[in-house]
Amino acid sequence: MKTEIIRVDLSRLYDSINDIKNAAEIIRAGGLVAFPTETVYGLGGDGTSSDAARKIYAAKGRPSDNPLIIHIAEPSDAEKYTYTNDTYYKLAERFMPGPLTVVLRARDSVPSATRGGLSTVAVRCPEHPVANLLIKYAGVPIAAPSANLSGSPSPTTASHVIDDMQGRIEAIIDGGDCDIGLESTIVKIEDHGTMTLLRPGRITIDELSEIAPVIIADAVTDRLGEGQVALSPGMKYRHYAPTSPLVLLDGEIEDAVEYIRSESFSNIAVLCYTEQRGYVAEQLPDADIFVLGAALDVNEQAHHLFAILRDADKLDYTKIYAPLPSKVGVGLALYNRMIRAAAHTIIKLRQE
Ligand code: TXA
Ligand code: MG
């Protein structure tokens, strides 16, 4: 299949209206289009079509029991596909459009294939103008997982999508870099009005707690035990896994450097914060250094993480070392992605 690349200049969106309409037409006709959102790129198909869902699973190489998020243009469109409640509208008023996905009981209008056979469905109303227009012009909700091959980091630029999806889908809309760089926060609204956090993201537990009490699913911070059931099917699969082993170092940079030296591997990569770059370069002159962002700017770190993991992956390091993020605020989202990428390999260094 030839994949059409559609370039959209966000500062002159009006010039691209016809291109976005054509992309929407591909989706209406049953094809797949990757598109930018404020979180990561999505791989979109008609959310009301089982065939489109099957094509999405095939293009990603994703197991078909791992359900898709359906993307809507207006929060109230959730009525057509789910049974909403007060908590949903409170969340919508505060966080939509935006990087929040809400799991609700599904109506029959969403095919079982789209929901991976579950009785619930995840809905999200993205803020990105290209995503919003694409959904509007398609006239159907857009089922979209992240537009990566299953097991590789979510794509945050069109070139990541091209690397993974060229030849597998009809079109890719290139709208530049995704602002946030990590996937949306996912909450499940329970019948009694509380919420379960299934995946942390830019919208934090503190923010969500202002709407209703939040319980954190075990798999957000821990490895699932033998026989333990994942509340979100995606949590049971290995994710974002670089081919080189990633090790997370929990402690001060001086101790991290000492640990890395003691392992004495050659051909290694070290992820660090902007302020640490000079020190790491001086102490570990043979290591390749990737800068996540300023130590206190978790949003900047989130924006860079997946691109760094992809770049590092191409270079076949013996080992990649990275700092263990804190679990505070947006840090929890970084922590969640990084412990999965590291397959839970955390080294506790000397503590103060
Ligand atoms: O930011 C995002 O959410 C991006 C953009 C494209 O919107 N999408 C995304 O989709 O990350 P995906 O499929 O890569 O991740 C969605 C996660 C999966 O782990 C899936 O298992 C979970 O959401 N999920 C989907 N429907 C669910 C449901 N009904 N109940 C529980 N978990 C669900
Ligand atoms: Mg994904």
Side-chain angles (χ1 to χ4, degrees), residues 1-3 5 7 34-37 39-43 59-62 145-169 172-183 234 237-249 256-257 260 263-274 276-277 280-281 283-293 300-325 333-347:
M1 180 186 307
K2 180 162 173 4
T3 303
I5 312 288
R7 297 223 152 71
F35 61 97
T37 82
T39 57
V40 299
Y41 273 77
L43 172 55
K60 270 182 77 80
R62 175 175 186 155
S146 48
N148 52 290
L149 287 172
S150 195
S152 67
S154 291
T156 57
T157 70
S159 78
H160 297 158
V161 183
I162 293 170
D163 285 347
D164 283 16
M165 290 296 156
Q166 177 101 276
R168 294 175 160 261
I169 60 176
I172 297 170
I173 304 179
D174 177 351
D177 285 12
C178 300
D179 257 9
I180 296 177
L182 295 181
E183 309 86 343
Y237 295 108
R238 188 159 176 237
H239 258 183
Y240 326 112
T243 33
S244 325
L246 172 67
V247 174
L248 301 179
L249 302 175
V257 161
I260 295 167
E263 290 223 309
S264 59
F265 287 114
S266 53
N267 190 31
I268 58 163
V270 177
L271 275 54
C272 68
Y273 303 123
T274 314
Q276 300 170 336
R277 169 185 229 152
V280 175
Q283 298 290 320
L284 301 167
D286 295 330
D288 281 356
I289 299 173
F290 294 86
V291 176
L292 282 159
E300 186 187 8
Q301 297 162 30
H303 180 77
H304 291 139
L305 178 67
F306 287 156
I308 289 178
L309 290 180
R310 277 183 180 257
D311 285 347
D313 226 10
K314 290 188 185 137
L315 296 164
D316 261 333
Y317 293 109
T318 321
K319 253 189 190 186
I320 304 173
Y321 300 92
L324 182 73
L334 275 167
Y335 181 94
N336 167 270
R337 305 313 189 275
M338 287 182 82
I339 56 171
R340 280 147 188 270
H344 296 268
T345 313
I346 301 172
I347 307 289

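Note that the coordinates shown come from a computational prediction; the quantities given were computed from them, not determined experimentally.
Qualifying side-chain hydrogen bond (donor to acceptor under 3.5 Å, both in side chains) partners for Asn267, counting only residues two or more places apart in sequence or in other chains: none. The side-chain hydrogen bond (donor to acceptor under 3.5 Å, both in side chains) search around Tyr273 returns none, not counting sequence neighbours. Residues passing the side-chain hydrogen bond (donor to acceptor under 3.5 Å, both in side chains) test with Gln276, sequence neighbours excluded: none. Partners of Leu149 according to the side-chain contact (heavy atoms from CB on, under 4.5 Å) rule, which considers only residues two or more places apart in sequence or in another chain, are Ser152, Asp164, Met165, Arg168. By the salt bridge (Lys or Arg N to Asp or Glu O under 4.0 Å) test, Lys314 pairs with Asp163, sequence neighbours left out. Arg7 meets the salt bridge (Lys or Arg N to Asp or Glu O under 4.0 Å) test with Asp174; sequence neighbours excluded. For Ala333, the side-chain contact (heavy atoms from CB on, under 4.5 Å) partners two or more places apart in sequence, or in a different chain, are Leu182, Pro200, Arg337. Judged as a side-chain contact (heavy atoms from CB on, under 4.5 Å), and not counting sequence neighbours, the contacts of His304 are Glu300, Ile308. Scanning for side-chain contact (heavy atoms from CB on, under 4.5 Å) contacts around Glu263 gives Tyr259, Phe265, Lys319, Tyr321, with sequence neighbours left out. Partners of Ser159 according to the side-chain hydrogen bond (donor to acceptor under 3.5 Å, both in side chains) rule, which considers only residues two or more places apart in sequence or in another chain, are Thr157.
Using a 4.5 Å heavy-atom threshold, the side chains of Ile320 and Leu271 count as touching. The shortest side-chain heavy-atom distance between Ile289 and Cys272 falls under the 4.5 Å cut-off.
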